[in-house]
Novice: 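First, the structure itself, so that you have it in front of you.
None of these values were measured; they are calculated from a predicted model.
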Amino acid sequence: MAKLQAFMADPVANATLQHRVADFGSAQPKGNYLAVAFVVAGMLPEPYTTTYTIGQAAAAQITGSNIVAALKDLAYKGMCWFLGDGLVNGKAGKPTEMKNSTGYGSRTAPRTTGEVAEKVDFTVKDTFLNTDFWNSLRAGLLGPLDVYLFTNRTVQVVRYASEMPTFDGIGYEMPGDYNQDIPGGFSVAWTCERGQLSPLKGVKEFDLNFELLRYSFAAATPAPTNLTLVAGTSNRYTMTTGTAAKIKRAVVEAGAVRYSIYKNTNEDIPATELVTIDSDTGEVTLAAGMPVGRYFYTVAAENTVGVYGSYQIEIVVK
């Protein structure tokens, strides 16, 4: 007899079965969409079909347990816009049943065809501050997109090739109240000939946290030039005045990024501090004329879909 896990793996083959939650040992999904991903159409295969390589791992089939990791891998590569838990909230009504245009013979009303039209309305935390992105979505400049809709435990995939999702209701309202945020959002709608989209189970809510989609940084390679790491610290260096110094820490994850550097966390660097960065490689250069003092800098990396990460360095010039 097959294991219960294998029995549940193919919902199409078991389409006539009506399962109870207790039958597969998980709680009911919560009643909202708490994350959504826009993916360049066709970049991620259907679950349980062909394999996909996530980062440096071996190629594997996409399942509920690794689909978020696969989408994040695509985000690092600039092919997925991932709006994680903490940024969005989505709701949807019952689908609209599509019917024949006319009732025939003894039928008193047109029969349903099995096709449905669905729509999800999303509220998005940062709509106002990302107007250019939403304008691009509005104008179709992001290209054909597959859409992934997440509850806390499941995901539904709206494919461009079969459901052709469309976007409307994009924008924000200015509430005229100093004590309120600026609410905004969008809607995504589609039709499906086979009824409502089946949810794929196995998603972990923790993985959907938007804070987890960040670049990480490798150790300084090559070794920093004319900088000495202070014992017992990981990011504090001393530098002798009158000598130029360099340090470079590249992002670990795949994909092209642009690097920037700021004083403290987000301030412009004064010209007198003589600090620059190579925006392509992330190499930081401190010129020989750096004044004696103690300096804090933040190096940040960002890609074309908004994935970013940062690290801090402290320089003591003596």
Side-chain angles (χ1 to χ4, degrees), residues 6-21 23-24 26 28-50 61-64 67 71 80-81 83 88-124 137-140 142-170 185-203:
F7 175 74
M8 294 297 299
D10 188 357
V12 176
N14 298 315
T16 59
L17 299 175
Q18 170 62 41
H19 297 289
R20 294 172 297 169
V21 172
D23 287 341
F24 52 89
S26 63
Q28 284 277 9
K30 301 301 183 182
N32 71 315
Y33 290 110
L34 48 77
V36 60
F38 308 131
V39 181
V40 175
M43 294 308 302
L44 197 64
E46 291 284 354
Y48 303 109
T49 57
T50 57
Q61 289 184 339
I62 298 299
T63 66
I67 194 168
L71 291 172
C80 170
W81 294 262
L83 282 66
V88 301
N89 185 55
K91 62 180 181 179
K94 286 186 177 181
T96 300
E97 303 278 357
M98 309 300 284
K99 299 180 179 181
N100 292 322
S101 59
T102 304
Y104 295 94
S106 61
R107 296 173 181 173
T108 58
R111 292 289 182 90
T112 57
T113 64
E115 183 180 12
V116 299
E118 294 198 73
K119 185 175 185 179
V120 180
D121 299 316
F122 277 96
T123 302
V124 183
L137 181 66
R138 177 185 282 119
L142 305 183
L145 298 173
D146 295 332
V147 180
Y148 292 72
L149 305 168
F150 290 92
T151 69
N152 64 318
R153 296 180 182 273
T154 68
V155 61
Q156 294 162 288
V157 186
V158 187
R159 294 285 184 186
Y160 180 82
S162 51
E163 286 82 46
M164 295 192 68
T166 58
F167 304 94
D168 63 10
I170 299 170
F186 73 99
S187 298
V188 56
W190 68 93
T191 59
C192 183
E193 294 181 352
R194 59 188 185 278
Q196 289 188 269
L197 298 171
S198 297
L200 177 66
K201 299 180 291 293
V203 173

Novice: On a heavy-atom basis, which atom in G64 and which in Y48 lie closest, and how many Å separate them?
Specialist: N-OH, 4.4 Å
Novice: Would you please name every residue forming a side-chain contact (heavy atoms from CB on, under 4.5 Å) with N89, sequence neighbours left out?
Specialist: N32
Novice: For R153 versus Q28, what's the shortest heavy-atom pair and its separation?
Specialist: NE-O, 4.1 Å
Novice: Could you tell me which residues satisfy side-chain hydrogen bond (donor to acceptor under 3.5 Å, both in side chains) with E115, sequence neighbours excluded, listed by chain and number?
Specialist: none
Novice: Measuring from atom OH of Y33 to atom CG of N152, what distance do you get when rounded to the nearest 0.5 angstrom?
Specialist: 12.0 Å
Novice: Do you know which two heavy atoms are closest between D146 and R159, and how far apart they sit?
Specialist: OD2-NH1, 3.1 Å
Novice: Can any side-chain N or O of Q156 pair as donor or acceptor with the backbone N or O of L197 at less than 3.5 Å?
Specialist: yes
Novice: Heavy atoms, side chains only, cut-off 4.5 Å: are V188 and V36 in contact?
Specialist: no
Novice: Going by heavy atoms in the side chains, are F150 and V88 under 4.5 Å from each other?
Specialist: no
Novice: If you draw a 6.0 Å radius around CD in E193, do more than 12 non-hydrogen atoms from other residues or ligands fall strictly inside?
Specialist: no
Novice: So do the side chains of L145 and P165 get within less than 4.5 Å of each other, counting heavy atoms only?
Specialist: no
Novice: Aromatic rings F186 and F167: how do their planes relate, parallel, tilted or perpendicular, breaks at 30° and 60°?
Specialist: tilted
Novice: If you define the side chain from C-beta out and look only at heavy atoms, does anything of P47 sit under 4.5 Å from T63?
Specialist: no
Novice: Got a list of side-chain donor-acceptor pairs under 3.5 Å for residues 116-123, not counting sequence neighbours?
Specialist:
unit_1, atom_1, unit_2, atom_2, d
E118, OE1, Q196, NE2, 3.3
D121, OD1, S187, OG, 2.5

Novice: Taking all heavy atoms of I67 and all of L44, pick out the closest pair and write down the distance.
Specialist: CG1-CD2, 4.1 Å
Novice: Starting at CH2 of W81, measure out to CG of L142 and round the result to the nearest 0.5 Å.
Specialist: 4.5 Å
